[in-house]
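Below is one structure, written out as structure tokens; the observations come after it.
Computed from a predicted structure; not experimentally measured. Both backbone and side-chain heavy atoms feed into the values below; hydrogens, waters and symmetry mates do not. Order of appearance sets the numbers: ligands from 1, and atoms from 1 within every ligand.
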Amino acid sequence: MGILNVTPDSFSDGGVFVGADQALAHARQMEADGAAIIDVGGESTRPGSRGVSVDEELSRVIPVLEALHGEVSVPLSVDTSKPAVMRAAVDAGAGLINDVMALRRDGALAAARDLSVPVCLMHMQGTPETMQDKPCYQHVVKEVVTFLLERVEAAEAAGIERCNLMLDPGFGFGKTDPHNAELLKGLPKLVGHGLPVLAGLSRKSLVGRVLGRAMEERLAGSVALATMATMHGARIIRAHDVRETVDAVRLVNYVMAAQGA
Ligand SMILES: Cn1c(SCC(=O)Nc2ccccc2)nc2c(=O)[nH]c(N)nc21
């Protein structure tokens, strides 16, 4: 899942691709590099960030989805928690919903059901504004798995088909580095519930803090974590550096498919 940030303040790449034409060029490059999905997000979810209005998010995301639709052959996911943005985004060509709030906003379950597109349900403790103040868990893996299974129940109760759901532990969303490490090590417990698991670790602060690497120096660490997530059963890897991440995933798949051992 290639990351296409259309947030002016997206701190991971400083919102370099805000214009629709730069976005299209970046999306085409990620598709050429092997991305199976392009994730388009208009609201920065960095720690401490406040949300944006529906209109602001729409003005960022819809023009880009319209520019990409029909120009790239891979499905587009819209990274949003707002029902109105979900509906407009699917109308504009999005084929997946990537919701960091796991459809908890009012109207989100109904929107996802009406739209009947695949949905990624992600765990977050608190909100982007507060989540990193003091993340705390008794058993982080158990609590994240339990939350996600509860969201699956809620989605099915709302009429969303189970086969349209993906689960995501939400690395960095209300987690300390030990929490993130425990979640990555414990990923097989989430994978074991039979739904595809998505992992987003690319360039995140976990890499920066453990390795002491600035944002632009996190490629090797990101590929290492993508490799670990894939070995632990993640089926979708959300990444900035698509070419390098695809190489790693292809090699993991090759080795894991080997006979014997
Ligand atoms: C939209 N979105 C994000 S944005 C946060 C981010 O990339 N931060 C970040 C990026 C680069 C550097 C530092 C932080 N992370 C996920 C994720 O892990 N899973 C799913 N499903 N969606 C996600």
Numbered atoms and elements of ligand 1 in range of T45, under 4.0 angstrom, heavy atoms: 4 (S), 5 (C)
Proximal atoms of ligand 1 relative to D79 (non-hydrogen, under 4.0 Å): 1 (C)
Residues, nucleotides or ligands: over 12 heavy atoms within 6.0 Å of H69 NE2: no
Any R46 heavy atom less than 4.0 Å from ligand 1: no
Distance filter under 4.0 Å to N98 heavy atoms, resulting ligand 1 atoms: 1 (C), 20 (C), 21 (N), 22 (N)
Atoms of ligand 1 close to S202 [distance to a heavy atom under 4.0 angstrom, numbered from 1]: 10 (C), 11 (C)
Verdict with supporting geometry, R203 and D241, salt bridge (charged side-chain N to carboxylate O under 4.0 Å, His left out): CA-CA 9 Å; R203 299 187 190 170; D241 308 289; 3.0 Å; yes
Ligand 1 to D39 polar contact by distance, N or O atoms, under 3.5 Å: no
CZ/R209: more than 12 non-hydrogen atoms of other groups inside 6.0 Å: yes
Residue selection (non-hydrogen contact nearest atom 7 (O) of ligand 1) among R203, R238, H240: R238
Residue-ligand contact M215/ligand 1, heavy atom below 4.0 Å: yes
Check against side-chain hydrogen bond (donor to acceptor under 3.5 Å, both in side chains), T80 and E43: CA-CA 7 Å; T80 187; E43 178 179 42; 5.8 Å; no
Polar contact flag for G200 and ligand 1 (N/O pairs, less than 3.5 Å): yes
Under 4.0 Å to a heavy atom of C120 - the qualifying atoms of ligand 1, by number: 21 (N)
K175 (side chain) donor-acceptor with Q132 (main chain) under 3.5 angstrom: no
Per-residue contact class, K204 against ligand 1 - non-hydrogen pairs under 4.0 Å: both
Min N/O separation D168 to ligand 1 under 3.5 Å: yes
L198: which of L121, D39, I236, I37 passes side chain to side chain contact (heavy atoms under 4.5 Å, CB included): I236
G41 heavy atom under 4.0 Å from ligand 1: no
Contacts of type ring pair (Phe, Tyr, Trp, His ring centres under 6.0 Å), residue H232, not counting sequence neighbours: none
Part of L201 within contact of ligand 1 (heavy atoms, under 4.0 Å): neither
Enclosure of E161 CD (heavy-atom neighbours >12, cutoff 6.0 Å): no
Residue pairs fulfilling ring-ring contact (aromatic ring centres under 6.0 Å, His included) with at least one residue in residues 86-135, sequence neighbours excluded: H123-F147
